[in-house]
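Below is one structure; the comments refer to it alone.
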Amino acid sequence: MVDVLSLGPLLIRLSWLYLGISALAAFWVMKAVLKRKSPEDLQIVDVLSNGLIWGILIWKVSPAFTDPSLLANPFTLIVYPGTALGVRLGMLAALLYTVYSVWKRSIDWKITLDTLTIGWIAASIVFLLSHWQYGTATALPWGISISDPAFRYHPVNVYKLILL
């Protein structure tokens with residue numbers, strides 16, 4: 001299975017595409033649930049989406065932290081992927097922004113954590129249904145074959161869905 005989608009000169013990693021689709025589905029489910037249950041708490045979705053955007057932006061510009069020469073032409077940052085340090089800093093920034101915004105807007109923490117749980121479950125379901133993960137070889141009848149039907153592998157994503 002190919003993990004890269006080619007659109008001419010543009011290459012997109014499918015796992016990132018699945019992750020993005022999962023995040024969009026999670027935000028849609030959170031918004032739909034809050035509209036039905038408590039429309040006055042819809043601001044939680046805004047806070048969470050802004051935190052996510054801050055995290056992605058910091059991750060994306062993280063190569064400039066280790067190589068400041070990239071700031072000479074900021075458009076080069078579009079091509080460079082984020083770094084491992086950028087992932088940590090982006091997650092920290094998203095968390096700090098979310099905590100500060102929830103505190104400043106006086107949003108109930110129980111509702112915020114319940115909303116996050118609903119979004120996490122929705123994102124996990126979409127991601128696990130769209131992103132196949134193969135485990136070790138098996139002789140069990142529900143094993144998945146990749147290219148040769150004689151060799152079957154554990155469907156790790158299905159196991160995770162059952163546990164979810």
Side-chain angles (χ1 to χ4, degrees), residues 1-35 40-109 111-136 146-147 153 155-157 160-161 164:
M1 182 172 164
V2 178
D3 190 39
V4 176
L5 175 66
S6 176
L7 299 173
L10 180 66
L11 297 175
I12 300 173
R13 288 188 56 192
L14 290 178
S15 57
W16 288 100
L17 181 65
Y18 298 144
L19 191 62
I21 291 170
S22 301
L24 289 175
F27 280 106
W28 180 79
V29 167
M30 287 188 295
K31 194 172 183 177
V33 167
L34 284 173
K35 269 186 183 177
E40 66 275 0
D41 293 323
L42 273 172
Q43 60 183 341
I44 295 170
V45 178
D46 292 336
V47 169
L48 294 174
S49 61
N50 288 341
L52 179 70
I53 289 171
W54 273 110
I56 290 172
L57 285 175
I58 290 175
W59 167 76
K60 192 60 183 160
V61 298
S62 65
F65 300 157
T66 56
D67 188 9
S69 66
L70 292 174
L71 293 175
N73 185 3
F75 291 112
T76 58
L77 289 174
I78 294 172
V79 204
Y80 281 87
T83 62
L85 173 66
V87 170
R88 291 184 193 102
L89 290 175
M91 288 174 64
L92 180 66
L95 179 68
L96 289 175
Y97 174 83
T98 303
V99 167
Y100 176 74
S101 295
V102 165
W103 172 74
K104 186 170 178 155
R105 295 181 187 199
S106 301
I107 302 172
D108 186 19
W109 283 102
I111 296 172
T112 303
L113 293 176
D114 286 346
T115 305
L116 272 173
T117 303
I118 290 168
W120 188 268
I121 290 171
S124 298
I125 288 172
V126 171
F127 185 76
L128 291 172
L129 284 175
S130 63
H131 188 247
W132 288 100
Q133 299 168 351
Y134 302 103
T136 58
I146 297 174
S147 57
Y153 299 92
V156 176
N157 60 320
K160 289 179 182 178
L161 271 172
L164 184 63

Interatomic spacing from CE in M30 to CG in L116 - rounded to 0.5 Å: 6.5 Å
Side chain to side chain, I21 and F127, heavy atoms closer than 4.5 Å: no
Nearest-0.5 Å distance, CG of residue D114 to CG of residue D41: 10.5 Å
Note, Y97 side chain near N50 side chain (heavy atom, < 4.5 Å): yes
V87 side chain near M91 side chain, heavy-atom distance below 4.5 Å: yes
Evaluation steps, side-chain contact (heavy atoms from CB on, under 4.5 Å), between V33 and T115: CA-CA 8 Å; V33 167; T115 305; over 6 Å; no
Rounded distance (nearest 0.5 Å) linking atom CG of L48 with atom NZ of K31: 13.0 Å
Side chain to side chain contact (heavy atoms under 4.5 Å, CB included) partners for D108, two or more places apart: K110, I111
Stepwise side-chain contact (heavy atoms from CB on, under 4.5 Å) test for S62 and L85: CA-CA 7 Å; S62 65; L85 173 66; 5.9 Å; no
Report, one line per pair, each donor and acceptor closer than 3.5 Å where one atom sits in a side chain of residues 53-61; sequence neighbours left out.
residue	atom	partner	partner atom	Å
K60	NZ	I78	O	3.1
K60	NZ	Y80	O	2.7

R105 CZ: over 12 foreign heavy atoms closer than 6.0 Å: yes
Side chain to side chain donor-acceptor pair (under 3.5 Å) against T98, all qualifying residues, sequence neighbours excluded: none
Set of side chain to side chain donor-acceptor pair (under 3.5 Å) partners for K160, sequence neighbours left out: Q133
Heavy atoms of other groups near W109 CH2, more than 12 under 6.0 Å: yes
All side chain to side chain donor-acceptor pair (under 3.5 Å) counterparts of N157, not counting sequence neighbours: none
Side-chain donor-acceptor contacts of residues 117-125 below 3.5 Å, not counting sequence neighbours, with atom names and distances?
residue	atom	partner	partner atom	Å
T117	OG1	L113	O	2.8
S124	OG	W120	O	2.8

